[in-house]
There are 2 protein chains.
Amino acid sequence: MSTSNEKKEVTIYDIAAALQISAATVSRGLKNHPAIKQATKDRIFAQAERMGYRFNTFARNLRTKRTYTIGVIVPRLNSMFMSDVIAGMEKVSNEAGYELIISQSLETMEKEMKNAVTMFNNRVDGLLVSLAYTTTGIDHFKRFFDKNIPLIFFDRVFEHPNCPNIVINNYKAAYELTSYLIQQGARRIMHVAGNLNRNVYSQRFKGYRDALLDNGIQFQEGWLIVNNLSAEDGIHTAKHIYALTERPDAVFVANDTCAVACMQELKRNGIYVPKDILVAGFNNDPIATVVEPNLTTVNYRGPEMGEMAAKTLINLLNGNGEQHTAATIMLRHELIIRDSTQRPQ
Amino acid sequence: MSTSNEKKEVTIYDIAAALQISAATVSRGLKNHPAIKQATKDRIFAQAERMGYRFNTFARNLRTKRTYTIGVIVPRLNSMFMSDVIAGMEKVSNEAGYELIISQSLETMEKEMKNAVTMFNNRVDGLLVSLAYTTTGIDHFKRFFDKNIPLIFFDRVFEHPNCPNIVINNYKAAYELTSYLIQQGARRIMHVAGNLNRNVYSQRFKGYRDALLDNGIQFQEGWLIVNNLSAEDGIHTAKHIYALTERPDAVFVANDTCAVACMQELKRNGIYVPKDILVAGFNNDPIATVVEPNLTTVNYRGPEMGEMAAKTLINLLNGNGEQHTAATIMLRHELIIRDSTQRPQ
DNA sequence: TTAATTTATGCAACCGATTGCAAAAAAAAA
DNA sequence: TTTTTTTTTGCAATCGGTTGCATAAATTAA
């Protein structure tokens, strides 16, 4: 095993012995317990410092059965949005004395299940989850419910009596965006969605469809494309559109990655945006301002979502907010209009 | 405190009692110890399942003084590169029975120091670090050296006798890229670098400078711009270039974000890439293939770097590789030539 | 059938902080 | 000075696996 030239670890017993007091006093002193005289505390801290003491989290966890740790499971870390979300969570958590354990499901239910087990074994006090693409149910979180470990979904959520949800109003955002496209003169509007089992995509689809409906446009089956919203899917979508005899005059894609890829492939095939077709995305990724023309999209602030999720969880953990734990918290979004949907007159 | 309607936790003692055997046997059985008869193991596992037993990590950690946890500190999570790195680390770690604790320094030394303390208190068995932008020294890792906790730097590294480094050959990559620009006919080549205290930027600068030198081009002080390589810095850089009386005919920027922003701002000011000026970046971010023209850059595979870093660390932890722990491991990179540097004839 | 091996299991002392309760010390009241 | 009250501090059991060493059980050899 490991090179074991580490010297013996210093414990509160060592400090107690050196100071001729009891370990109990040291334990209390170190955590600033009011029953300990200031003078004693000072001596304890000084001695701890002098001996190079480090607190043993495990001994405490073993005893208290709490870890002051929050588990986070997200599909992927590599988006500005997720990074922002996590930064927000970290801020709130650290201020409240909690640590974060982060893991990514890489969009598969299988990995998500493994992550859940790991989190469970690491005895996180609570869990913040945004569901993977392929997740079909949430039985893998049952153990958390059984043990009364609070679980909060954010962004990609699941309706469950035990779980508050933190989301944006995907329905409304899609409705607004679609209405805007109609207002720009579009009549044949396609929608590229992700897995409709995920709330974010089903809600966006519904918002889109209802906007059509409310504007007297009959939704046609062929206008809906469901795929994984990857860049490759964007290219496929463009090819599909290109091959249509009756082409759409606008496409609303449920994320920016796919929208951008689609737009570029359309352009390569001589279909220009926004001249020939309007394109809009969702998320406001950095690429949206790089692609030409710049992409119209929906922005929602990640830090806010992360903060809200962490705050809600910590309130639950501290026993506050039991009286009024909201089932769903909706954060605000904003439509960002750029050149990709500005029909030239 | 928390709603405490959780039932009593099941322990190996409960399993032992139910099966009329000793806790020691249960403990060994659960971890598949060869000294336990298969039949006994089967009974143990079945009983554990039946009683809803969950392993207590803390009791083990307390006893073994190992956590099977690896700490990871990175500047930011929100890049494809970092996400890839972490995916690679996770793969190798999980296969070897280790968990990852990930935190981001958000490019500041202050946060990095805090993260280091957290990791230390969480008793990670080892640490994988890529340094923040503003980090000026590594005293905050001294406690790890003192306790003989292995620390490996990757990408943004620091030379230290105790720490293996996992990097790419930034010098060579920059040298090759610059040579290529010269070959394309460029003679007045600017370089936009990040903080020169970070190896990645100083090495890229040196590679650039030596390539000039070796091609008989005299490096001029004004050709070097040092900034934070953000998008805003890219715009500033473009404005700076625009204002020059004697403009460069090529710019080599040390990352893609900044390169792209710079390119776009140049374009807005009527300076066209690659007609008027060649632009190259570094990293091969997704935006490099979205911007027009597509950006020439240097690719290096994150997963490989993550895997290598984790492997090296785990070898150290397991006591292998002590005889030949390399001080520096260099991974391969590749020059990716795209339109932004193709001078039209 | 008995002795020599091999295999399987148990004993019990750890790891280090926590905390209810009791007792000692110090301060205030009588 | 004695008694009462308030502060401080200590005792000791507890959390739940782990593991060296000893012993019992099962197998094999004699």
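These numbers come from the heavy atoms of this one structure, side chains and all, not from hydrogens, waters or symmetry mates. Letters A, B, ... are given to chains in the order of the sequence lines, protein chains preceding strands, and every chain is numbered from 1.
For B:Ile21 and C:dA8, the CD1 to P distance is 14 Å, given to the nearest whole Å. Rounding to whole angstrom units, CG of residue B:Leu62 and P of D:dT14 are separated by 17 Å. A straight line from CD of B:Glu9 to C1' of D:dC15 spans 11 Å, rounded to a whole angstrom. For the pair A:Asn56 CG and D:dG17 P, the interatomic distance rounds to 17 Å; values are reported in whole Å. Look at CG on A:Asn32: it is 13 Å from P on C:dT18, rounded to the nearest Å. When rounded to the nearest whole Å, the span between OH of A:Tyr13 and C1' of D:dG10 equals 12 Å. To the nearest angstrom, P of C:dC21 lies 14 Å from NE2 of A:His33. Between the C1' atom of C:dG16 and the CG atom of B:Asn121 lies a distance of 15 Å, rounded to the nearest Å.
The residues A:Glu9 and A:Arg54 are annotated as salt-bridged, a charged nitrogen and a carboxylate oxygen being separated by less than 4.0 angstrom. The pair A:Glu95-A:Lys311 does not meet the salt-bridge criterion, since no charged nitrogen lies less than 4.0 angstrom from a carboxylate oxygen.
Nucleic acid contact class of B:Leu30 (heavy atoms, under 4.0 Å, all strands): none. Across all strands, A:Thr57 comes closer than 4.0 Å to no nucleic acid atom at all (heavy-atom distances). Within the 4.0 angstrom heavy-atom criterion, no nucleotide atom of any strand lies near B:Phe58. B:Ser27 comes within contact range of at least one nucleobase, with a heavy-atom separation under 4.0 Å. Within the 4.0 angstrom heavy-atom criterion, no nucleotide atom of any strand lies near B:Lys41.
With the nearest nucleotide of DNA chain D identified for both B:Ile12 and A:Ile36, A:Ile36 has the one nearer the 5' end. Mapping A:Ala24 and B:Arg60 onto DNA chain D by nearest heavy atom places A:Ala24 closer to the 5' end of the strand. Heavy-atom distances to DNA chain C give each of B:Thr40 and B:Ala59 a nearest nucleotide, and the one nearer the 5′ end belongs to B:Thr40.
Side-chain atoms of A:Ser22 lie closest to D:dC11 of the nucleotides D:dT19, D:dC11, D:dA13. In the set D:dG17, D:dT9, D:dG16, D:dT9 carries the atom at the smallest distance from any side-chain atom of A:Lys37.
From B:Lys111, atom NZ reaches atom OG1 of B:Thr134 across 12.0 Å, with rounding to the nearest 0.5 Å.
Using a 4.0 Å cut-off, some side-chain N or O of A:Tyr53 falls inside it from OP1 or OP2 of C:dA17. Residue A:Thr25 has no polar side-chain atom (N or O) positioned under 4.0 Å from OP1 or OP2 of D:dT9. Residue A:Lys65 places no side-chain N or O under 4.0 Å from the OP1 or OP2 atom of D:dT14. At least one side-chain nitrogen or oxygen of B:Lys31 sits closer than 4.0 Å to the OP1 or OP2 atom of D:dT18.
Between B:Phe141 and B:Phe144, the two ring planes are tilted [angle within 30° to 60°].
Tested against A:Leu313, the residues A:Ile166, A:Leu128, A:Asp125 include a single side chain to side chain contact (heavy atoms under 4.5 Å, CB included) partner, A:Leu128.
Heavy-atom neighbours of A:Glu49 CD from other residues, nucleotides or ligands within 6.0 Å: at or below the threshold of 12.
Residue A:Arg28 places a side-chain atom within donor-acceptor reach of the base of C:dG20, judged by atom type and a 3.5 Å distance cut-off alone.
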